[in-house]
There are 2 protein chains.
Amino acid sequence: MDTYYDTPLTEINSIMEQSWQAFHEYRLLPLSRRAELMRAIAQELEACGDELIHTTMQETNLPEARCRAERGRTIMQLNQYADACGQGVWLEARIDTAIPDKTPPKPDLRKMLVPLGPVVVFGASNFPYAYSTAGGDTACAFAAGCAVVVKAHPAHPKTSGMIAGAIQKAIEKTRMPTGLFAHVYGASVETGKALVMHPHTKAVGFTGSFTGGKQLFDWANQRPEPIPVFAEMGSVNPVFLMPQKLSQSALEMAQQYAASITLGVGQFCTNPGIIIGIESEALQRFTHDLGKAIKAVNPAPMLHGGIAQSYTEGKNKALLQDQVHLVAESDVDAQEGEGQPTIATVAAATFLSNPLLRHEIFGPYSIVVHCKNMAEMQQVAAVMGGQLTATVMATDAEAAAQPVLIETIKNTCGRLVFNGVPTGVEVCASMHHGGPFPATTDSRFTSVGADGIKRFARPLCYQNCPHPLLPAELQNENPLGIWRMVNGELSKEGIK
Amino acid sequence: MDTYYDTPLTEINSIMEQSWQAFHEYRLLPLSRRAELMRAIAQELEACGDELIHTTMQETNLPEARCRAERGRTIMQLNQYADACGQGVWLEARIDTAIPDKTPPKPDLRKMLVPLGPVVVFGASNFPYAYSTAGGDTACAFAAGCAVVVKAHPAHPKTSGMIAGAIQKAIEKTRMPTGLFAHVYGASVETGKALVMHPHTKAVGFTGSFTGGKQLFDWANQRPEPIPVFAEMGSVNPVFLMPQKLSQSALEMAQQYAASITLGVGQFCTNPGIIIGIESEALQRFTHDLGKAIKAVNPAPMLHGGIAQSYTEGKNKALLQDQVHLVAESDVDAQEGEGQPTIATVAAATFLSNPLLRHEIFGPYSIVVHCKNMAEMQQVAAVMGGQLTATVMATDAEAAAQPVLIETIKNTCGRLVFNGVPTGVEVCASMHHGGPFPATTDSRFTSVGADGIKRFARPLCYQNCPHPLLPAELQNENPLGIWRMVNGELSKEGIK
């Protein structure tokens, strides 16, 4: 079947009712059962085989190797978060035992995180597996004990449908409650709004544009009961080039950045969109070499026609700004639907006075900002809005010599990269994929790595709870062997 | 000086500019220096001596013993959070060391929480020390590395001013940056709005009414850059009485609850406002004994005239509702400004159909809801909005026999109390003082206990950072000896 009908708005209510019911059953299951579900989804994704890969290639224009690698990553994420779910560090278990002879008597208090409720997930077009139907948000929500409702991305509905089928199979195989996962189609704004506004929806995960994410955030806050929205809305990921480092390796850096800027046709939220250097012969060499490298990169089809059109329009608008100069673009002309690799340049004074130049242009485009001196670079750093990443290319001595600049940069970003490229987001506990607004709507949480589970949970404290009624996580014997803070000390020991 | 002028709106900008500058200096100081400041504030609070106590008694009508106990608690909080700040569990330090021979190479990644920026604190009228100028929000913000701007509560401006003076002394003694703390007077809505809307404000802490908290939340979300608001807005703290427990100890429970309902003239956000039982001879005895105990409690002056008036109006409106019956009130008539202890009763069917009866009435009032059976009690549990606490009075067998009811209750509250009263909030790591909306605007965070520090911080990840530039918290040697997750394992060890 090649056409997808929008889920009628009249069905949203019954979908959310089922999700609510399933949530109440699922939240009572032990951590090991949640992990079992997540591992089963990983297996079913693998079992989708080549058919899934080919479907995604057709829908997204992503090459086969990328699709295979991304599915591998998605499977790894599900398994990694399943491990983290079972290990339970994310639960933040805290126990203070009673002190009956204190005045007044200190009660027995035990706290851990519990799930928020049904989570609505809006997947990303640029990660059809890893940040879509069975991606990081869905995995984190299941780990936290939540039910999940995914709105299929209209740019890859078949892929989303196949993955939803895999999730349903995993739910059946692991005997999970019906309704624990639902898959909704709807290209219209009304579908998304109905999902966010439904009273049973308790949190929202989103990866995509600022306009889309901010709209969901506003709806969620206008509800009678506001709910958290974790919208990862991308950024321009500024790169700061220090003079000595640049003079040592301008060519190498130019090649490294040409590759990063055009990786995946520039369709990564960590794509380096703004590169800031200090006027020098080395910066001229870097800019020239970057342009030369970009000329050699062929245009390639973008995820869908809308993204390609937005990219071309955004890039052309930037190039038409006063005092913005084209450095180079691909030697091959982009065809309809393709993104033309392009490098521009501008003086810092112009950049500082024209906010449009700080907007994200999603695609293989970057602008080199040349500053007169460090003071001007500091000004540029200070006007940057919240960012997922910022990068400093510097010798150790240069990095050490610029504490004010580096502190300014740290204050705006979620991840600070030294001497590398911001593209490539490792999935591990120490990763933070997030950042101050407008990079995300909640700088306090990550959408990559197991700490992302905490987005969908809240603390619940038990006071003087009869021991048999305590969840296993908080029982004296510590039957799950998780880390807990007991009377002020972290420990895996039981309580005698 | 007995009069306080409102801080002119034109001064707000320069106050926030100074706060912003001070934040940038303070955030670089080691954890031990933050702890030093907090301990110094505790000492200065102590040094305020009897003058502070007497001033507060005059402003708030709170009795001397309560003022002394609350100051003791505030001092204890500052010291406890200073300890927690230094221990660093709240930093959620995570380190994954590099794996250069992986494809692609895995970089060195290190993450910890960093402060958000200047925090604006709106204190509570009912806790002039512990949740006001140098209260939990201020302590947590300083521990997190933030600057603080307090808007003095108009009900205790002299107390607030004296405590602000103590904080300034501590800042001077510990050689902290000027502007790290600012104290603003302003009874008008415009002062609060100007503080919340200022671009340098990065978070808001509030304790008070739903109307006040929700207004701050809405302003914060309407900013060009939305910011988190932690508003603790109170709740009705439902208490569920199980039949067997009730029949065993109706009199004891009645006396326990009469004391809890009238503690501090009922002016606690954890005051038990709704008591739910099942129609029986035991419930009649309980209601009768509760009324009898309430009759013996004298009215007492409330915090200020406005609160007393709101209490009287709210209580009288509730009593005028159809089918609501007065059980008893204090034998002594309340004078102007006093709160009259009062117990009402209503059938569950009426309670379920009249949402007004579920509104918080801040003061020494509680309503006993009698249900026909457990099914009706389950219905009552299901209609309760988000709560700071919920209490179950039950034998172990009864608690075990009602899993659905208890799960319903857990899903609505931040703290579940068994066989006790909800008043009395222990300050320790396992406490959760928070709960689903409308109890708070962010159910994921607590305002009591050291985990409250995390409200004012966000993760920052360092990728391939030159080792000397890493903060001490993330250096290989672990010079601070804090708990960190290193390559997936929690440890205090250094990295070789």
Side-chain angles (χ1 to χ4, degrees), chain A residues 24 28 89 92 94-96 104 106-107 109-111 114 116 217-218 221 225-226 228 386 396 399-400 406-407 410-411 413-420 424 426 428-432 434 436-438 441-444 446 451 457-466 468-469 483 485 488 490, chain B residues 24 28 89 92 94-96 104 106-107 109-111 114 116 217-218 221 225-226 228 386 396 399-400 406-407 410-411 413-420 424 426 428-432 434 436-438 441-444 446 451 457-466 468-469 483 485 488 490:
Chain A
H24 281 87
L28 300 178
V89 172
E92 300 183 353
R94 313 268 193 252
I95 297 174
D96 287 282
K106 181 173 178 177
L109 292 161
R110 300 177 188 226
K111 177 173 78 167
V114 297
L116 291 181
F217 177 80
D218 288 342
N221 284 313
E225 176 201 0
D396 286 5
I406 287 182
E407 285 305 317
K410 277 160 74 169
N411 212 24
C413 74
R415 177 164 56 108
L416 177 60
V417 181
F418 286 89
N419 298 319
E426 193 73 32
C428 59
S430 56
M431 174 51 67
H432 180 56
F437 189 90
T441 48
D442 194 335
S443 70
R444 294 163 301 155
T446 183
D451 281 333
R458 65 175 180 89
L460 173 65
C461 172
Y462 296 79
Q463 180 168 325
N464 288 339
C465 181
L469 262 65
W483 281 99
M485 185 185 279
L490 279 178
Chain B
H24 281 87
L28 300 179
V89 173
E92 300 183 353
R94 312 266 192 256
I95 298 174
D96 288 282
K106 181 174 178 175
L109 291 161
R110 301 176 188 227
K111 177 173 79 166
V114 298
L116 290 181
F217 177 80
D218 288 342
N221 284 313
E225 175 201 2
D396 286 5
I406 288 183
E407 284 305 317
K410 277 160 74 170
N411 211 26
C413 74
R415 178 165 53 108
L416 177 61
V417 181
F418 286 88
N419 298 317
E426 194 72 32
C428 60
S430 56
M431 174 51 67
H432 180 58
F437 189 89
T441 49
D442 195 336
S443 69
R444 294 163 300 155
T446 182
D451 281 332
R458 66 174 178 91
L460 173 65
C461 171
Y462 296 79
Q463 180 169 325
N464 287 338
C465 182
L469 263 66
W483 282 100
M485 186 186 280
L490 279 177

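What you see is a predicted model; the values in this text were computed from it and never measured. The figures here come from the full heavy-atom set of this structure, side chains too, leaving out hydrogens, waters and symmetry mates. Below, chains carry the letters A, B, ... as their sequence lines are ordered, and counting in each starts from 1.
Taking chain A as the reference chain and counting heavy-atom pairs below 4.5 Å, the highest number among B:C413, B:P104, B:G420 is found for B:C413. Ranked by heavy-atom pairs under 4.5 Å with chain B, the first of A:D396, A:L490, A:L469 is A:L490. With chain B as the partner, the residue from A:G386, A:P107, A:A429 showing the most heavy-atom pairs under 4.5 Å is A:A429. Across B:E92, B:H432, B:E407, the residue that shares the most heavy-atom pairs under 4.5 angstrom with chain A is B:H432. Put simply, of A:A399, A:G434, A:P228, A:P226, the one with the most heavy-atom pairs under 4.5 Å next to chain B is A:P226.
Both the backbone and the side chain of B:L460 come within less than 4.5 Å of a heavy atom in chain A. Both the backbone and the side chain of B:V417 come within less than 4.5 Å of a heavy atom of chain A. Heavy-atom distances place both the backbone and the side chain of B:N411 under 4.5 Å from chain A. Residue B:D96 touches chain A through both its backbone and its side chain, counting heavy-atom pairs closer than 4.5 Å. With a threshold of 4.5 angstrom between heavy atoms, B:P459 approaches chain A through its backbone and through its side chain.
When side chains are defined from C-beta on, A:C428 counts as touching B:L109, because their heavy atoms get closer than 4.5 Å. Side-chain contact between B:M485 and A:V89: present, with at least one pair of heavy atoms (C-beta onward) separated by less than 4.5 Å. The side-chain heavy atoms of B:S443 and A:L116, taken from C-beta on, include a pair separated by under 4.5 Å.
When all heavy atoms are compared, the tightest approach of B:F418 to A:N464 is CB-O, 3.2 Å. Closest heavy-atom contact between B:G414 and A:R458: CA-NH1, 4.1 Å. The minimum heavy-atom distance between B:C461 and A:M431, with the atom names listed, is SG-CA, 4.3 Å. Across all non-hydrogen atoms, the minimal contact from B:R444 to A:R444 is NH2-NH2, 3.5 Å.
Checked against ring-ring contact (aromatic ring centres under 6.0 Å, His included), A:F437 has the following partners two or more places apart in sequence or in another chain: A:F210. Partners of B:D218 according to the salt bridge (Lys or Arg N to Asp or Glu O under 4.0 Å) rule, which considers only residues two or more places apart in sequence or in another chain, are B:K214.
To the nearest 0.5 Å, atoms CZ (B:R415) and CD (A:Q463) are separated by 4.5 Å. Between A:K111 atom NZ and B:D451 atom CG the span is 3.5 Å, to the nearest 0.5 Å.
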Applying side chain to side chain contact (heavy atoms under 4.5 Å, CB included), run through A:K410 and B:V114 and close with a yes or a no.
CA-CA 9 Å; A:K410 277 160 74 169; B:V114 298; 5.9 Å; no
